[in-house]
Amino acid sequence: MTLAWAPAALGGPLNPEELTVVERRVANVQPSAAKHSVASGDTLFLERTVEAKPGVIRGGVTDYEGLVTGVVAPDGVVVHTRVDEVRLEPTSGGTAIHFTYLIHADPGARGGGRVKLTLSLVERRGLANVVAKQEVTHWITVGGPEPSPRDLAASFYGYRHFAKRAQVGRAVLAKAGVQVSLREDVRMPPLNRANDKVTARVFTFIQDRDRLWSAHRQLVAASKSGDAKVANAARAYLNALDAPDDGLSGLPDVALVEGAAPPPAPPPPSSTIVRLEPTASEPAGGGGSPSGGGAPLTPVGSYDSTGDSEAEPTLPSRRRTDELTPEELAATAEPPKPPTAAPKADQPPADELVEEVSDDPFSDGGARRYLRIPSYSRGLVLDDPNIAFGGAFRMAWANAKVLVPAVASAFFLDAQFALTRYLGAELTIPTQYVNVDVEGARSVFAMGKPLVALKWRLFLPDVLGRRPALTLRTRVGIPFSPLHTVPPSWVAENFTREVHFADTYAFFMEKTNVGLGASAAWQYQLFYFGAQFYTDYFIPVAGSVDPTSFFTLNYGVSFGALPFGDLVGFYAEARATSLLAGPGRTEFFTYFGARARFFEHLEPALWIAFPLGSVRNANTFQIGAEIRFSYDLYDVLNPSGGDRRDAPLLNSWGPGPAEPSHPSSPGFARLRAPLANEADR
């Protein structure tokens, strides 16, 4: 058989026949099955279909992204945690969701074993609500025949072809203000503020990046072959990866297709190709026995370039290189940035990181890593389940009657800090205003007992497609202020403590309280549910008039409806405090009101409260209000960088309000979904 010269051999763009050969080699999509074989260094592109019920898929295709979670695999087998492509196809029974996901064998890997994973389709915005998912199990056998000369040529030209496309995409995205990395283990940035076109471009960039590293692994694996001819040819190709298009001499005399026309004149040099060197392989831990599977995988591609360590942006539907606009092609003329060092071994897993440039005000410069903080809806007065930076001012007005009438209003100043994505701290300073309606008495405005809390948030498995947030707290109430008397003989706390009994810690001024508890939040479509439970132990300070110690239980539930999304929600809540001392006492408070959100970070709330226990004898109703400002510090310092809500809770990454065609429109609706997981706001 005679192999004739083709344009690729002279550095020209791939013609359709050559591109078919290349894509069959580096990205051969096949149906998902129970058993698969993969050669060392090769990548399986597997397609699986999940049926969604009618009404589940309500938005356009760019409202969703595909994720791979719950990965278990043997050593040397890596499951990519981003889906290469998602297609939505309307059917008579709903919508068919076609996932194309990737599993590769590291160069030099042998054996194989059982692989388990879960495919999920999630909404890009908010907290990655799951609209469809399916658990998948494969038995992967690693090993296969040596690549042919044409296979090696297809890997080489495929690498150069997709590297060029990825570089063009990266430059175009940079001009749009979105920074992406060519490294395979770097997660894409959140896209919550990206438009439809940018989102699609990110998806295409991810596909191009997947394919260039698929080709690269094939050449690396072939360079380690025991067949000297195969190994020598692979090394020759590896050494020429960064050669200019008009300098591809000395390569094996192999063409991608036979019967091609005579070679045209060499084209002028095109944009420089940045060579992408592999980093160390990071396969999943654990052995792959037939019975067990392996340890959970770190969602990191094994081989990636060190040519860029920047954060990751966004791309549209895949197009051939010759379909790119002149402006896009011109973008590649910009000199590439110098390579940076590969991540150190002590750095956190890449699936939990989003790389940004200069996003840490406490660092000294350079590329830095930052964990975006997702935000959950919250009710009226129950504790905030979120980890964030921010502050709040809350007040509750009450007209009390404890033997004599008085105005007894409480005010709470609150500040919270995010130490990590999951760990935070809160400081609450209560104050009181008491004005007794007795001749000769004066009003008192004084501080109550500060409360310091440390909280740790985690996310539970999804329930009806939404992951509940559970926040555990430990807290300490610190007394350092004496009782506040109101002449002629009244104590201000006697009024405030009674009518604001739900915040028991605040006005027991002569006791230290130490508490443990938890709060939870969950939302299903437009309905919100919250709950909390705490126990506190009160210990008298030295010299206290009241020497008793006792426990209290504090518990509450919240129900809300958010018909307009985050803009405004309407809530009904109940809180109660049980005093476990002497004869005991339980006070119930009900709340009815609304909370809004403006400008992403500002949350005003207003409510009316009705006591149901003995407090109703002292006060029939109360009026409360709050103004809260909470934010991800990254958003404040870099307003164009994204929204705190996309951090992935399922490692989601996703952006903006895209309004593409509905999946019920004619033909297939395609979604390119780069997932890294994001995993992840």
Side-chain angles (χ1 to χ4, degrees), residues 1-12 14-15 17-28 30 36-45 76-78 104-112 140-164 211-260 262-263 266 273 275-281 283 302-305:
M1 177 175 64
T2 300
L3 296 178
W5 288 102
L10 294 177
L14 297 177
N15 61 39
E17 293 79 9
E18 290 175 323
L19 189 56
T20 299
V21 173
V22 164
E23 291 190 327
R24 188 181 299 123
R25 168 64 176 160
V26 303
N28 185 25
Q30 54 186 292
H36 288 280
S37 294
V38 58
S40 173
D42 277 0
T43 303
L44 292 170
F45 285 69
V77 177
V78 177
H104 81 249
D106 283 332
R110 293 291 183 269
I140 303 296
T141 301
V142 179
E146 297 287 356
S148 67
R150 186 186 290 185
D151 289 338
L152 296 179
S155 298
F156 173 73
Y157 291 114
Y159 174 91
R160 291 173 62 86
H161 173 75
F162 290 110
K164 246 182 223 182
R211 283 152 180 76
L212 77 87
W213 289 117
S214 172
H216 190 272
R217 279 189 297 269
Q218 291 171 340
L219 292 174
V220 172
S223 70
K224 301 177 181 180
S225 172
D227 186 323
K229 294 180 64 176
V230 172
N232 291 336
R235 293 189 190 104
Y237 285 126
L238 285 171
N239 291 334
L241 284 179
D242 57 353
D245 285 350
D246 59 349
L248 300 180
S249 60
L251 295 179
D253 187 9
V254 178
L256 297 179
V257 296
E258 56 180 325
I273 297 290
R275 183 166 185 172
L276 310 180
E277 297 294 344
T279 61
S281 174
S302 296
Y303 287 83
D304 26 273
S305 99

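Considering OH of Y157 and CG of L19, their distance stands at 14.5 Å, rounded to 0.5 Å. E18 CD to N15 CG: the interatomic distance, rounded to the nearest 0.5 Å, is 4.0 Å. Note that CG of L241 and CG of L212 are 10.0 Å apart. Values are rounded to the nearest 0.5 Å. A distance of 4.5 Å separates CD in Q218 from CG in D42, rounded to the nearest 0.5 Å. Here the straight-line distance linking atom CG of L219 with atom OG of S214 works out to 10.0 Å at 0.5 Å rounding. Atom CD of E146 is separated from atom NZ of K229 by 12.5 Å, given to the nearest 0.5 angstrom.
A donor-acceptor distance shorter than 3.5 angstrom exists from the side chain of R235 to the backbone of S223, with no hydrogens or angles considered. Side chain of R160 to backbone of A243: a donor-acceptor contact under 3.5 angstrom is found. At distances below 3.5 Å, not a single donor-acceptor pair connects side-chain atoms of S225 with backbone N or O atoms of A231. Judged by distance alone, the side chain of T43 and the main-chain N or O of A105 form no donor-acceptor pair under 3.5 Å.
Proximity of P252 to Y237: side-chain heavy atoms (C-beta onward) are separated by under 4.5 Å at one or more points. Looking only at side-chain heavy atoms (C-beta outward), V22 and F162 come within less than 4.5 Å of each other. Residues V38 and H104 fail the side-chain proximity criterion, which asks for heavy atoms closer than 4.5 Å.
For A153 against L256, the heavy-atom pair with the smallest separation is C-CD2, 3.6 Å. Closest heavy-atom contact between A221 and G41: CB-CA, 3.8 Å. Contact record, P147 with R25: CB-NH2, 3.7 Å, taken as the closest heavy-atom pair. Considering all non-hydrogen atoms of both residues, A215 and V26 come closest at CB-CG1, 3.6 Å. The two residues D106 and S40 come nearest to each other via the heavy atoms O-OG, 3.3 Å.
Ring planes of Y159 and W213: perpendicular class, angle over 60° (limits at 30 and 60°).
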### Task
Dump the intermediate steps for side chain to side chain contact (heavy atoms under 4.5 Å, CB included) on F156 and V254, then the final yes or no.
CA-CA 11 Å; F156 173 73; V254 178; over 6 Å; no

### Task
Carefully, step by step, assess T20 and R24 under the rule side chain to side chain contact (heavy atoms under 4.5 Å, CB included).
CA-CA 6 Å; T20 299; R24 188 181 299 123; 3.4 Å; yes

